[in-house]
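For the numbers below, each heavy atom of this structure counts, side chains included, while hydrogens, waters and symmetry mates do not. In what follows, chains carry the letters A, B, and so on, assigned in the order in which the sequence lines appear, proteins first and then strands, with residues in each chain numbered from 1. Values in this document were obtained by computation on a predicted structure and should not be read as measured data.
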Amino acid sequence: MNVLYKDYVRAIFKSFQRFLSVFMIIAVGAGLFTGLKSVGPAMRATADKYYAESKFMDFKMMGNYGLDDGDVKVLKNLENVDNATGSYSVDAFDRATGDNLRFMSVPAPGDVNSINLIDGRLPEKAGECLADAKLLREGKYKIGDAIEPYYSAREGGGAVYEDNSLSKQIINPEKAFKLEKFTIVGSASSPMYQSNDRGVSKLGDGTSKGFILIRPEDFAYPYFTEVYVRFKSSSEISSFDKDFDQAMYQEYALAIEAITSAMPERFVRLSAEPRKKISDAEAMVKKAKEDIELNATLLSDAKGQLALAQGMKDVDMAPLEAQLAGISERQDFIADAQATLAHGEARIAENQAFIPKAEKELEDEKRRIVTRYAAYMSNYNLYNFLPDGPAKDKMFEVIKENKAWLDAAQQAFDAKTADVANRKAETETLSAQIAPLKSQIAAAQTWIEQTQAAYDTAYAEAMRIIDFKKNTVKKSQAQVDKSQKILDDSKIILEEKMQEVEDATQALNRMEKITYYADNRSVVAGYTDYGANAGRLDAVATVFPIFFIVVAALVCWTSMTRMVEEDNVLIGTYKATGLSDLAISGKYLNYAVSAAVLGSAVGLALGFRYMPSMIMRAYGSLYSIPIISTPFHWDYAAYVLLGALFCTLTPTLTVCADHLRQCPAQLMRPKAPKSGKTILLEKIKPIWIFLSFNMRMTMRNLFRYKKRMFMTIAGIAGGTAMMLTGFGLKNALSGVVNLQYGQILHYDIKISLEDKADKAQRSELDKLLKKYSAKSLNCYEESIQIEANGKSENVSMIVGEKNKPINDFITLRSRESKEEIAFTSTSVIISEKLALLLGVDVDDQISFKDGEGFQYMATITDVTENYTGHYIYMGEKIYSDYFSIVPEYTTVLIKADKFEEGSASLIAEQANKMDFVRSATMTDVLKLQYGDVVSSMDIIVYFLIFAAAVLAFVVLYNLSAINIAERMRELCTFKVLGFNNWELTGYIGRENVILTVAGILIGLGGGIFLCRYVVDSVEVNALMFGRDISQGSFIFAAALTLAFTLLANFVMMFSMKKINMVEALKANDN
Amino acid sequence: MQTYVELKNLTKSYRMGDITITALEDINFEIQKGEFAVIVGPSGAGKTTVLNILGGMDSCDSGTITVDGKAINGLSARALTKYRREDIGFVFQFYNLAPNLTALENVELCTRIKKETLKPKEVLEEVGLGDRLRNFPAALSGGEQQRVAIARALAKKPKLLLCDEPTGALDYNTGKTILNLLSETCKKTGTTVVVITHNQAISKMADRVIEIYSGRVRNMRTNPEPLPISAIEW
């Protein structure tokens, strides 16, 4: 057994080439089968894992009054709810770029719809925000940039914020933010945006550019604008399960029931404010009323008191005044009397002093005068004696002087004597005069004192009385004033508060019923698409592996059959030696099992691990689902292993059993080669006689091994078809870009203006366009929803300006005939893919909704070729008829002068700087973006080409190897007979070439259908792929297949050279 | 008569891993033009090796081979192919006909690679298969297949007809017929025929007998009067 075991292992290495080819075809077949089969499931598993990790919502609830914490709590506490997260969101423009952005609150970790941080960090302080990773990727924004949101509701057409006055007051987009500016500190992806589509916005042209996440605290809304809810069962059932929607609907119904039954409480909370206002105002009314009542009393009291006080009798002041006059009279008298008294006494005293003195002096004087007179008399006498002369004169003078003096003295003496007498008399008079005065003064004094006292008392009394009255009046007046004022004020307050009560009551009455509405996941851009794409890959997976399975099975079958058959002599010998059947067949079984198991293992590893992640990475540029999960599928693994074992073991067992049934001698006898036969073609003489000898030989050989012929043709046809599909897919994809931007859309820039742009501003733009001699077309663009046959799609509606040909800017034509479609004022032209999706054609009706939700019906006049997005082109007359408004041409399509190089980007740049230009988008940018998508799909194309090449090569190599091995004797003979290597290679090669050509032709034919099928399956809703496969693709597919065939033949020629001619002479071999 | 084929001091050894097996050791013989030569010897003596070297399918280590005055030892693979294709006709033990070609086509196949050939149909008529031209080998008996093989070899008008155990797979009578055909061909067309066999009896009908034993020529003799095939029994 040990030796046998060695033989088993050696068998593998001895014919390693064959082992390798069986192993390879199994590996490739298994890999492609499991790979393609598991891509869809892997994509779904990946998405499910992402949904679970990010707690992707099952639905979001909104309401006319938003939702509050209480509502969130109600939802959160539900048995079937995993989590519920309140969130804010609002659409606004960024002031700097004019981009239409959606601002949302950053969810906390563990919240529903939690985000994935891509770059930077989470916002920590007020005024920080995260930007959509897509925005950063596109390069227009970077970390550190400031975002300044502003809201400008569109007027006239377009979407209007559709809330009633009160809830609009509560949730007012114009007052959404507490801050004016937000700084980008990082970027993130959100499960709310799973594709590159950023959804429909309520603002601007209706297209959102991306989202900005700010801290919930920076929102000024009093209530959440939406609540995201995730159910527990959402994690238990795959989102792509066919029962998922139904299951979620049941959960959803429960949640709706709960939130509906919580409505009264919500109403209580919501109405708390107006109700508090009412009760507050009512209290104020009551108080005011009380005040009025109280103060009215107070006022009348005060008024009475005032009257009373004012009516009080005044004090009689006349006696007091008389007293006062008496006093002052007496005081005057006293003063006079005292003055008289003093003066009299002083005179008396003066006289009394003077008189004695004067009397003495008079006596002296009398003596002196007497003396003097005596002197005078003597002198006079003398004189008379004296002669005349000087002495006499002199004596005269003296006598004269004496005489004067005597006269004067006599006079003075007399006067003085009179004076003295006078004084004596005066003193007597005075004395008599002053004698009564003293008593009079005393009497007056006494009177004054008495009267003064009386006066003082009376005066004080009078004053007291006066003051009292004065105060009483003043006080009463104040009270009157105060009460009056309070009364007046209270009346005003009463009025005000009563108004307030009325207002608040009215507000309360006006408050409408709370309504909630909910969206499910289908509103999340990319969600439905992703599932659909996974489904499309499933569709692809059902077609492609069939080639490999069939071919791999056939190749394995032939190889293994061949191997056992080649060993007939050995088997005979072993059997003759007496080895058991099991021991003999063990070698082949071991070989078969080894190849099957190893091939399957490698194939499964490639298929489960690398292929899905490779394809998902390719899809990664379309979908922002960050985690990649490539689950292992035991069922597929089992299918593959069983299939591989079946393909290798069954022929081995059959042939072994067949051989072992025979007796050893029979086995050891050379086996007659398959005999030749006249082929059908020979009977068609006209053809046959035209064939060269070599061709006849080749034809016979071809039909001699029919199984191999079909296998080869199938393999090559499959490879060619796959390659053609790969190239065709690329054609289809690049067709999107080349056709859409090369033949359909001709404008270079699309400018959307602010709605308020006026004529002056427009002429500013016109001036700019004139400067670069660019042509322009005004139109109106809006995102609307179109429905037909129960299906609906979001569509860009373009309304052309009156009497302006649109075909210079957008070619409207039929795809098949390439005939231009006339665009008139009553045209309703829809794009081809839209027509396809809605299942409508010319003259069919479609219905569309405007921003207010009104529904209109229109009849399609034409269907136009279009590859990206959905469009409806409407004439301005028919638009006005339907919507009853004249379109505002806020979109300007611009075609730059092709002779002014670079003028398009200059126009866009300068237009973007204009205030009234909301955005200027260059077609080239979009073209590049689509180009990226297309090149990202290249990987799938290359993969298909690679797989096809492997298929073609493996099949040809295998079959050639078998062919050579089977016809070794024949070839050896030919070699011995003098055929050279070229002739030998040609002998087999001709067969291969014919088979290859046949395979290629069949493959090209089949490839057209396969390509169509694959293109149809992988096409996404918003794109229409090109339908034409280019000639180059046919040539490339054929040439590549041919190249791989030649490569296989080249390898074959090597083995041809190595053929040992002596083999041909060996007796018993073959 | 002249020496048509001459082998001188021919040696050949095979290296199988570490062991060197000497297949031929100093082989010397010559054959005259138009002779019916038989190389006879037991299994493993080296007859087939001689034939392989003579037929240009294998090369010798040393020594010279001359056929019709042309040395063929040391020729390139390409020249050997030309030699096989123009100068040599082969008849194998198991006929080695292309199973997918009719008798006529099998002959035709070989005539297409040489300029001067006989007409395939005529050659087949010559070997007595004029009525089996369109049959596939599987529909022919062993003897008939060998006739086709002979016709295929003869059609090329070879200088040398090499037959390796041509009767090995045939029954006694058929074998005799084939040998008769070969000797008649030799006489009629003057083709030099070399037959390899282990059957000593056949040597009686040969013009020249070369006995090989253990890689050496043990004996070479000429039969002045070869017996007709009908006179030989074994």
Taking atom [atom1] of [X] as the centre, report whether more than 12 heavy atoms of other residues, nucleotides or ligands fall under 6.0 Å from it.
{"X": "B/Y172", "atom1": "OH", "value": "yes"}
{"X": "B/K159", "atom1": "NZ", "value": "yes"}
{"X": "B/Y14", "atom1": "OH", "value": "yes"}

If I take atom [atom1] from residue [X] and atom [atom2] from residue [Y], how far apart are they, to the nearest 0.5 angstrom?
{"X": "B/L97", "Y": "A/T973", "atom1": "CG", "atom2": "OG1", "value": "8.5 Å"}
{"X": "A/M699", "Y": "B/N100", "atom1": "CE", "atom2": "CG", "value": "11.5 Å"}
{"X": "A/M697", "Y": "B/N106", "atom1": "CE", "atom2": "CG", "value": "10.0 Å"}
{"X": "B/T81", "Y": "A/F979", "atom1": "OG1", "atom2": "CZ", "value": "11.5 Å"}

Note to self: If we define contacts as heavy-atom pairs under 4.5 Å, which of B/E86, B/K82, B/E108 has the most with chain A?
What the structure shows: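 With the most close heavy-atom pairs to chain A, the winner is B/E108.
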Margin query: Taking every non-hydrogen pair under 4.5 Å, which of B/G55, B/A98, B/G56 racks up the most with chain A?
Written below: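 Sorted descending by pairs with chain A, the first entry is B/A98.
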Next item on the list: Please flag which part of A/F974 lies under 4.5 Å from any non-hydrogen atom of chain B: side chain, backbone, both or neither.
Entry: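 Only the side chain of A/F974 comes within 4.5 Å of chain B.
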Check: By a 4.5 Å heavy-atom criterion (distance strictly below it), what part of B/R152 contacts chain A: side chain, backbone, both, or neither?
Finding: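 When you check distances to chain A, only side chain atoms of B/R152 fall under 4.5 Å.
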Notebook entry, point to check: Where on B/I88 is there a heavy atom nearer than 4.5 Å to chain A: the side chain, the backbone, both, or neither?
Noted result: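 Neither the backbone nor the side chain of B/I88 comes within 4.5 Å of chain A.
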Check: So do the side chains of B/R85 and A/N980 get within less than 4.5 Å of each other, counting heavy atoms only?
Finding: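 Of all side-chain heavy-atom pairs linking A/N980 with B/R85, at least one is under 4.5 Å.
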Checklist line | Audit row: B/L101, A/E970, side-chain contact (heavy atoms from CB on, under 4.5 Å) steps and yes/no | finding: CA-CA 11 Å; B/L101 298 179; A/E970 210 171 305; over 6 Å; no
Next item on the list: Report the C-alpha separation of B/R84 and A/K975 in whole Å, then their side-chain angles, then the decisive distance to 0.1 Å, and conclude whether the side-chain contact (heavy atoms from CB on, under 4.5 Å) test is met.
Entry: CA-CA 9 Å; B/R84 285 201 301 275; A/K975 203 166 178 181; 4.1 Å; yes
Note to self: Restricting to side-chain contact (heavy atoms from CB on, under 4.5 Å), what partner residues turn up for B/A45, sequence neighbours left out?
What the structure shows: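 By the side-chain contact (heavy atoms from CB on, under 4.5 Å) rule, B/A45 matches B/P42, B/I212.
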Checklist line | Smallest separation among heavy atoms of A/L977 and B/C110, with atom names | finding: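 Heavy-atom minimum between the residues: CD1-SG, 3.4 Å.
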Can you give me every donor-acceptor pair (side chain of residues 132-151 of chain B, partner residue at least two apart or in another chain, under 3.5 Å) with its distance?
{"from": "B/R132", "atom 1": "NH1", "to": "B/E144", "atom 2": "OE1", "distance (Å)": "3.3"}
{"from": "B/R132", "atom 1": "NH1", "to": "B/E144", "atom 2": "OE2", "distance (Å)": "2.7"}
{"from": "B/R132", "atom 1": "NH2", "to": "B/A139", "atom 2": "O", "distance (Å)": "3.2"}
{"from": "B/S141", "atom 1": "OG", "to": "B/E144", "atom 2": "N", "distance (Å)": "3.3"}
{"from": "B/S141", "atom 1": "OG", "to": "B/E144", "atom 2": "OE1", "distance (Å)": "3.3"}
{"from": "B/E144", "atom 1": "OE1", "to": "B/S141", "atom 2": "N", "distance (Å)": "2.8"}
{"from": "B/Q145", "atom 1": "NE2", "to": "B/P137", "atom 2": "O", "distance (Å)": "3.2"}
{"from": "B/Q145", "atom 1": "NE2", "to": "B/L140", "atom 2": "O", "distance (Å)": "3.2"}
{"from": "B/Q146", "atom 1": "NE2", "to": "B/F92", "atom 2": "O", "distance (Å)": "2.8"}
{"from": "B/Q146", "atom 1": "NE2", "to": "B/P166", "atom 2": "O", "distance (Å)": "2.8"}
{"from": "B/R147", "atom 1": "NH1", "to": "B/V127", "atom 2": "O", "distance (Å)": "2.7"}

Checklist line | Test: B/E105 and A/R696 ion pair at under 4.0 Å | finding: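 Answer for the salt bridge query: no.
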